[in-house]
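Below is one structure, written out as structure tokens; comments come after it.
A, B, ... follow the sequence lines: proteins, then strands. Residue 1 opens every chain.
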2 protein chains.
Amino acid sequence: MNIGDVSTRCGLPAKTIRYYEDIGLVTPARGENGYRSFREQDLHKLSFLGRARTLGFTIEDCRTLMALYEDETRASADVKKVARDHLRKIEDKIADLEAMRDTLTHLVDACAGDNRPDCPILKDLGQDLAG
Amino acid sequence: MNIGDVSTRCGLPAKTIRYYEDIGLVTPARGENGYRSFREQDLHKLSFLGRARTLGFTIEDCRTLMALYEDETRASADVKKVARDHLRKIEDKIADLEAMRDTLTHLVDACAGDNRPDCPILKDLGQDLAG
DNA sequence: CTTGACCTTCCCCTGACTGGAACCCTTATC
DNA sequence: GATAAGGGTTCCAGTCAGGGGAAGGTCAAG
């Protein structure tokens with residue numbers, strides 16, 4: 001399988017697949033013409049990576065998860081720890097974004113949005129830190 | 001005022017302040033020794049930028065907002081548009097993260113987290129796309 | 001034989017900084 | 001006057017996870 005086929009089948013851009021080879025996440029064979037030659041196993045790995053990435057795991061997390069995936073003697077506790085740590089980070093990020101959202105919602109609601117210069121959004125931003 | 005004083009007063013790292021000068025967001029004067037010499041007005045600008053950044057606005061948004069802030073003939077509608085567009089992006093991000101969170105929460109709850117290899121998290125990640 | 005689609009490597013670009021090196025300036029102390 | 005600490009300055013490289021695009025090799029069809 002050439003990279004284009006793999007790309008359509010696993011849903012990752014060819015660029016991304018090359019990058020994953022670059023950083024050692026996959027190691028496809030090479031044909032005589034120099035083209036990458038992917039086996040089903042490589043495709044499966046790439047699907048795994050794609051799925052993990054859509055769940056927001058970092059590349060380093062993916063590396064760890066992949067190693068655990070391929071280690072038949074793993075402890076599920078190790079997997080769970082990676083996932084739970086990641087989950088916590090996501091929850092933190094959500095909380096941060098929700099704080100921004102709430103403030104912004106208030107400000108946007110308070111702004112007339114007309115052609116006059118008076119604007120509570122700018123008023124908030126321009127407030128002195130002490131105030 | 002030297003950069004260190006400004007840094008403590010506006011809460012931005014000196015590195016960040018230098019960066020903001022680099023990209024033209026502030027233009028402090030220079031003393032004879034080559035040191036940046038900040039006026040109250042510069043400090044105020046930097047506070048504005050810091051506040052806008054904590055609300056998640058991009059640097060380009062900040063540039064726009066700053067220009068509006070300094071334009072006495074602005075229309076509040078223009079400010080509101082920037083804020084609302086940004087708000088929409090934040091809401092999208094929250095939705096994405098919540099989807100991740102929900103999936104991860106399910107998976108983490110389903111994982112025994114013991115020393116056996118069986119793991120629903122890895123099972124999910126390793127699933128074929130068709131499945 | 002040529003066209004077009006595919007593949008290769010290579011390098012630069014992103015956003016918003018952060019870290020660090022190498023060097024200059026100021027102030028206090030001895 | 002020497003020196004050391006603690007400012008400041010510039011510049012270069014790195015972060016994360018790829019994306020864009022150039023220059024060139026390969027392959028299948030007409």
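For B:T16, taking side-chain heavy atoms from C-beta onward, the closest of the listed nucleotides D:dG8, D:dG18, C:dC17 is C:dC17. In the set C:dG20, C:dT18, D:dG19, the nucleotide with an atom closest to the side chain of A:K15 is D:dG19.
Taking atom CG of A:L46 as the reference point, atom P of D:dA17 lies 16 Å away to the nearest angstrom. D:dC27 atom C1' lies 19 Å from atom CE of A:M1, rounded to whole Å. At whole-Å resolution of the value, CZ in B:R36 and P in C:dC25 are 15 Å apart. Put simply, CG on A:N2 is 10 Å from P on D:dC27, counting in whole angstrom units. What separates CG of A:L12 from C1' of D:dA17 is a distance of 12 Å, to the nearest Å. Between A:K93 atom NZ and D:dC16 atom P there is a gap of 12 Å when expressed in whole angstrom units. Going from atom OH of B:Y19 over to atom C1' of C:dT18 covers 12 Å, rounded to whole Å. Here C:dT9 presents its P atom at 7 Å from CD of A:E21, a figure rounded to the nearest Å.
Among the atoms of the strands shown, none is found under 4.0 Å from any heavy atom of B:I23. As judged by a 4.0 angstrom heavy-atom cut-off over every strand, A:F57 is placed among residues making no nucleic acid contact. Counting any heavy atom pair closer than 4.0 Å across all strands shown, A:R18 reaches a base atom.
Of the residues in residues 24-33 of chain A, A:N33 come within less than 4.0 Å of DNA chain D through at least one heavy atom, sorted by number.
Within 6.0 Å of CZ in B:R116 there are 12 or fewer heavy atoms belonging to other residues, nucleotides or ligands.
Between A:Y35 and B:E60, the residue anchored nearer the 5' end of DNA chain C, judged by the nucleotide with its closest heavy atom, is A:Y35.
Between the A:S7 side chain and the A:I3 main chain, no donor and acceptor come within less than 3.5 Å of each other. Under a 3.5 Å cut-off, the side chain of A:R63 and the backbone N or O of A:I23 do form a donor-acceptor pair. Side-chain atoms of B:R74 come within 3.5 Å of backbone N or O of B:Y69 as a donor-acceptor pair. Distance alone, capped at 3.5 Å, places no donor-acceptor pair between the A:S47 side chain and the A:C10 backbone.
For the salt bridge (charged side-chain N to carboxylate O under 4.0 Å, His left out) criterion with A:E21, the lone passing option out of A:K45, A:K15, A:R36 is A:R36.
The pair B:R18-B:D22 fails the salt-bridge criterion, with no side-chain N (NZ, NE, NH1 or NH2) lying under 4.0 Å from an Asp/Glu carboxylate O.
At least one side-chain nitrogen or oxygen of A:R53 sits closer than 4.0 Å to the OP1 or OP2 atom of D:dG18. The side chain of A:Y20 places no N or O atom within less than 4.0 Å of a non-bridging phosphate oxygen (OP1 or OP2) of D:dA17.
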